[in-house]
Amino acid sequence: MEMTQSNLSSKEIITACGMCYVGCGVKVQVDNGVVVNIEGNPDNPQNRGKMCAKGKAVFMTHYNPNRVKAPMKRTNPEKGYGVDPGWVEITWDEAIDTIVAQLERIRDKPSKFWVYAWEVIGDNNFWFPQLGIAFGSPHCGVATSPTCGKAIHPVEFFSGGGFHQAPDLHYSNYCILVGTQFGVASRSSFNHNVLDMAEARSRGMKLVVIDPVGGHAASKADEWIPIRPGTDTALANSMLHVLLNELHIYDEPFLKHRTNAAYLVGQDGLYIRDAATNEPQIHDARDGKVKTHNDPSLTDPSLSGTYDVHGQQGRTCFDLLREHVAKYSPETTEKITTIPAATVRRITREFGEAARVGETICIDGVDLPLRPASVDWARGTQGHKHGFHNCWPLKLVNIVVGAVNVPGGILSTGAAGDFPHHWWPEGGTDGMLEHGGAIMHGFSHAKAFPGRAPATPNRMDIGELFPLASHFQTLLPITLENPPAYGLSEEDKIEVLLHSPTNPVLGSWGDPKKVEKLLTSLRFIFGFAVEINEMTLFDDIVLPFPSSLERYDFNCGTAQNNLGPCGQDDFCWTVRQPAIEAVTSIRHPQEVIQEIAERLGILDGLYRLLNHTYGLKKEYALQSGTRYRVTEFIDRAVRSWFGEEHSLDWFREHNVLRHPKSVDVAYINPFLKARIPVYLEHFVTKGKQLKAVVDQLGLDWDLSDYQPLSDWRPCQSYDAMGKGEYDLIAVHFKLPYVYGSYGNENPWIDEVCEATDAYKILLNAAVGKAKGIANGDSVWLQSPVHKVRATVKLTECIHPQVVGIGGHFGHFAPGMPISRGKGISFNALLPTDLDHIDKISTALDHCVQVKVYK
Amino acid sequence: MNLTPAVQANVAVRVTFMGGLHAVTGQRELQMTFPQGATVADLLASLSKRYGDAFTCRVFSSPGKLEHTILIFVDGEHIKGRGGLAATLGNSEVEVIMLPMYAGG
Ligand code: SF4
């Protein structure tokens with residue numbers, strides 16, 4: 001039959017992109033069952049009709065001829081890099097029988113099950129870990145990176161109230177980005193952030209980028225300031241010193257009433273507490289009395305001074321901070337950061353003046369503080385041996401001028417809302433912000449305040465020895481080497497792993513030899529996969545994962561629930577629906593998880609957890625004894641959240657539900673009934689408690705980072721420079737068209753990478769010249785643990801002591817013929833041991849000494 | 001004839017542990033009895049006694065205050081809606097769940 005235009009079936013599906021966790025709204029054109037075009041949905045506030053290159057390329061990922069489309073098992077029991085698993089296709093019944101048998105085997109020792117659930121593009125981020133929790137395992141988590149999120153979430157929950165932070169580009173006049181490419185080339189929601197950033201710059205906002213690499217963000221900035229990696233603490237403390245001790249620019253009423261700056265601290269570094277209530281105390285300048293922070297008569301907290309409290313000399317947190325940062329004059333830190341003292345003074349003055357301390361703005365009839373200046377930071381500052389303290393004082397720069405959760409300042413993402421239900425951050429211990437807000441009530445988020453009690457570990461990742469950290473999976477290759485050192489036995493070793501369709505081999509740890517050892521130590525691995533990547537090579541059973549064009553998700557990305565648009569941009573909810581039907585051999589993972597849970601007899605437990613996590617009202621809750629199609633689950637979830645009229649059918653047709661944000665939800669700080677810290681008193685207590693436990697275990701750990709105010713301490717690479725064979729520090733940076741290693745096998749993304757030299761390593765032109773290395777030369781790049789061949793791109797736009805490596809490349813899996821052998825894997829260069837782990841956050845040091853030679 | 005049911009001296013409680021607590025208790029389930037009117041606080045006190053510090057330090061952030069990763073359901077209902085630790089136990093099914101951290105990066 002001849003095909004004519006008239007008998008082609010053509011439809012447009014409104015859904016959410018799934019090439020990263022932003023979940024932009026898209027319209028997919030499907031002709032005769034084939035996706036032929038994809039456009040941004042202008043009605044969706046996440047992206048306002050725009051798309052990035054990754055999203056545009058989605059159908060090349062979907063139509064990848066090497067996609068996994070049916071369950072497979074390995075026939076070669078030997079595992080390791082370069083070992084052919086000998087895949088054979090099997091039925092779903094055989095796959096699930098095998099998985100259930102393996103889990104039955106460890107039923108009485110459920111901590112031998114590890115769920116690696118990073119699938120932040122959709123619902124399986126919640127479904128996978130719930131299976132592990134219902135089974136009884138402590139080893140379930142959705143974190144993946146050895147750096148990203150290690151400091152930002154803990155810091156943000158206790159100092160902002162939400163999951164992440166973002167400069168309020170709607171009102172900002174001065175924005176400093178440190179180790180992040182926010183609004184240009186990285187981070188959540190960057191389609192709308194990119195637009196906001198462009199608008200802010202065109203109306204005159206000054207953008208300063210401080211980064212060892214002058215990359216995409218720097219190219220859009222008014223000023224790029226190269227910094228030596230791992231020295232951000234020194235920079236931040238200098239900025240605080242200039243603001244507090246030289247310029248005397250700080251928000252006094254804010255510090256007095258909304259922070260712990262006036263809390264009195266004794267000689268031991270702890271709050272001086274009221275004997276009767278145990279609450280911290282403050283000196284009230286109005287009547288000269290010392291009273292508890294929550295005393296209703298407290299009127300004018302003293303920010304400075306020394307006060308006698310029942311024979312104890314109490315000093316204010318503010319004085320301690322000011323005195324502490326005085327050690328960090330710009331002249332002192334210039335030698336550490338390589339940023340000229342005059343530059344630090346200038347940008348700090350510009351920042352302080354731009355903050356317009358004391359000014360207000362009226363929005364929708366509500367008077368609010370206006371602080372149109374912020375310092376933002378993210379991944380680059382976190383990935384260090386002292387990662388937590390490398391970040392926290394940068395947040396303090398915002399706090400001292402009161403630029404937190406007010407117009408123009410740094411905003412907490414996803415912290416509060418009033419639709420479809422109410423969520424809001426709350427105070428707790430010592431009157432401080434303790435309970436961050438999250439739309440998913442059942443989401444157990446990262447918390448560093450008040451912290452947990454350290455204990456002898458029974459977790460293989462020794463999470464108990466990191467009482468302030470938010471996740472611990474980075475430690476597994478290290479602890480596996482010697483479990484008895486941490487009070488664990490061979491008996492405690494993890495045996496079975498379920499993983500999401502990501503690539504932890506390239507992205508989650510460092511030293512590849514240790515990663516291989518970890519994965520080969522596991523008796524049974526089953527994982528979902530889109531393609532056979534380096535992680536899948538270790539699997540015993542591979543399960544096909546539907547592409548984002550053939551999948552349903554109630555929650556179509558972390559950006560939707562935790563990283564949505566800031567300020568007064570509309571709240572929105574989008575449901576992902578298939579543009580095309582998957583082949584019958586691909587099943588929805590949520591349905592597979594239910595089957596496994598039912599076979600194990602833990603379906604009720606799974607439902608209890610899911611009902612709680614999704615906050616399903618009673619009448620919509622998943623019921624014992626029933627299994628649900630994914631569509632039935634989503635229909636229940638949307639009707640529970642948005643009312644009967646908003647069924648799955650409504651979302652199929654309209655897809656996006658918007659709701660305007662009120663001023664108090666957009667700018668929470670003036671309405672928050674809790675204080676935020678300038679002094680981390682609980683670090684002192686946790687440090688002492690932890691010392692007792694590590695001493696008992698006979699561990700010789702340096703716990704000096706458990707201090708209430710941040711000091712700069714060098715990473716190993718800093719000390720290694722110039723001392724021996726290494727003369728450069730390698731750092732990693734993000735590319736706007738690469739999301740982890742996800743999408744690397746997409747031919748269009750590969751083409752963009754080729755065309756932009758993304759696969760090459762960046763070396764300063766003068767350094768290259770001195771070493772006799774020319775543009776395009778092939779060189780050896782060698783760290784203490786790994787040596788790899790790389791192609792050099794010489795540039796002026798990189799710190800002279802630094803080698804820049806972008807993306808997550810260096811694939812070697814045979815199932816990835818397009819990306820195999822291109823670029824390098826940065827993580828593979830990283831020494832992976834406790835000496836390179838931040839004892840607060842578990843971040844793995846991401847600046848590593850290297851040498852480059854022909 | 002007296003139709004008043006006999007006064008029950010005790011209530012039977014079936015406790016299920018999920019998440020990381022299994023590694024502390026070594027058990028997935030436990031049958032316990034309590035005097036009538038016993039609360040969740042009594043149940044936790046009893047569990048603390050049974051499993052010691054390893055249990056207490058993981059469940060409480062300070063005396064009487066649950067760690068934020070701990071969820072407790074009594075007969076399918078979150079104790080938040082039943083008075084928190086003061087929630088009374090009937091012949092109940094109690095689930096004590098230790099959620100791992102979720103937030104990613
Ligand atoms: S930002 Fe992410 S979700 Fe949006 S179009 Fe790009 S890949 Fe898709």
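In what follows, every chain begins at residue 1, and chains take the letters A, B, ... in the order their sequences are listed.
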Under 3.5 Å, side chain of [X] to main-chain N/O of [Y], donor-acceptor pair present?
| X | Y | result |
| --- | --- | --- |
| R82(B) | V74(B) | yes |
| Q382(A) | A151(A) | yes |
| T381(A) | A378(A) | yes |
| N124(A) | E119(A) | no |

Exercise for review: Go through G132(A), G463(A), A453(A), S137(A) and name the one with the most non-hydrogen pairs under 4.5 angstrom from chain B.
Suggested key: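 Highest number of heavy-atom pairs under 4.5 Å: S137(A).
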Review point. Given the options S111(A), A621(A), P450(A), G605(A), which has more heavy-atom pairs under 4.5 Å with chain B than any of the others?
Key: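 Option with the greatest count: G605(A).
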Sort [X] into side chain, backbone, both or neither according to what part of it lies under 4.5 angstrom from a heavy atom of chain B.
| X | value |
| --- | --- |
| T558(A) | neither |
| D108(A) | backbone |
| R107(A) | both |
| E434(A) | side chain |

Check your understanding: Side chain, backbone, both or neither: which part of L71(B) has a heavy atom under 4.5 Å from chain A?
Key ->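 L71(B) touches chain A through side-chain heavy atoms alone.
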Review point. Side chains of Y21(A) and N125(A): is there a donor and an acceptor less than 3.5 Å apart?
Key: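 Looking only at side-chain atoms, N125(A) and Y21(A) do not form any donor-acceptor pair under 3.5 Å.
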Review point. Stepwise, does the ring pair (Phe, Tyr, Trp, His ring centres under 6.0 Å) test hold for H68(B) with H435(A)?
Key: CA-CA 9 Å; H68(B) 76 281; H435(A) 307 283; 7.9 Å; no
